Amino acid sequence: MSEKPDVIVMTGDYISGSTKFLSGSIGKFNKVHLTDCVNSLSQLKAPLGVYGVLGNHDFWSGPEAVKIICETFSKQIGMVWLRNSSVELNKGGTSFRLLGVDDYWEQSCSFATACKGISSGAIKILLSHNPDINDEISLARERIDLVLSGHTHGGQIVVPLLGQPVMPSKFGQKYRAGLVRDGDRQTYISRGVGCLLAPVRLNCLPEATVLTLT
Ligand SMILES: [Fe+2]
C-alpha cells in the first residue's frame with residue numbers, strides 16, 4: 001500500500017485444495033486457510049479498485065471452494081471478479097479495458113467472451129492466471145497490450161543453470177517469470193507471494209509487483 005497503487009490485481013491460486021490433483025496428499029479445502037489468506041490481504045485498497053481472476057488450484061479445490069473464495073473476497077476486500085468479462089477504467093483521462101478469464105486449464109475459460117463488446121482500438125490488459133493464454137490470443141489475432149499472470153510464479157525452486165525442472169506450461173521456461181514480449185504484446189508473470197506444497201523457495205524471491213503503465 002505504500003506504493004499508493006491506482007489499481008490492484010490478483011491473478012489466482014489463493015488456496016490449494018486437493019479434490020482433483022494430488023488428492024489426499026495436501027489436505028482438503030479448509031475454510032480457515034482462506035480466512036487467513038483474505039485477512040492478510042484485507043488492507044488492500046485502490047482508487048480504481050481491486051480485481052481478480054481464479055487459478056487452477058482454486059478450481060481444483062472444488063466448486064464449493066470457488067464459491068466461498070469469490071464471495072469472501074468480494075465481501076471483505078471488495079474484489080471484483082473478472083470471469084470472462086471486462087471493465088473499463090479511466091486514469092487521468094485515458095481509458096483502458098481490464099479483462100479477465102477463468103483459468104486456462106478449465107473448460108469455463110473463454111477469452112472470446114471476455115473480449116466481447118470491446119472496440120478494437122481499446123487499450124487492453126488481460127488478467128489470466130496461466131500465461132499459456134498467449135497461445136489463444138495469437139490464434140484469435142486479438143490485440144492485447146499486456147497480459148498479467150502468475151501460475152508458473154518463477155518456478156519456486158530454481159536450480160542454477162537448469163532453471164525450474166518442471167514447468168506447468170506448454171512453452172517450457174518461456175513464461176517462467178518477469179516480462180516476456182511477443183511482438184507488440186507483453187506478458188508479466190509475477191513470482192507471487194505464496195508457495196505450493198512446501199514453504200520453500202530457492203533462487204525465487206516472493207514479489208508483489210509494481211507496474212507503471214505508460
Ligand atoms: Fe496455478
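All figures in this text were calculated on a predicted structure; none of them were measured in a lab. First listed ligand is number 1; within each ligand, the first listed atom is number 1. Position 1 is the first residue of the sequence, and the numbers go up from there.
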Asks: Please give me the minimum heavy-atom distance between Phe59 and Asp103, naming the atom from each residue.
Replies: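 Shortest heavy-atom separation between Phe59 and Asp103 comes out as CE1-N, 3.6 Å.
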Asks: NE2 (His129) to the Fe ion (ligand 1) to OD1 (Asn56): angle, nearest 10 degrees?
Replies: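 It comes to 90°.
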Asks: Does any N, O or S atom in Asp13 come within less than 2.8 Å of the Fe ion (ligand 1)?
Replies: yes
Asks: Counting only heavy atoms not in Asn90 (residues, nucleotides, ligands), do more than 12 fall under 6.0 Å from its CG?
Replies: yes
Asks: Is a salt bridge present between Arg83 and Asp102, judged by a nitrogen-to-oxygen distance below 4.0 Å?
Replies: yes
Asks: N/O/S of His151 less than 2.8 Å from the Fe ion (ligand 1)?
Replies: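 Coordinating: yes.
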Asks: Quick check: does any side chain N or O of Arg143 sit under 3.5 Å from a backbone N or O of Arg185, one acting as donor and the other as acceptor?
Replies: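 Answer holds: no.
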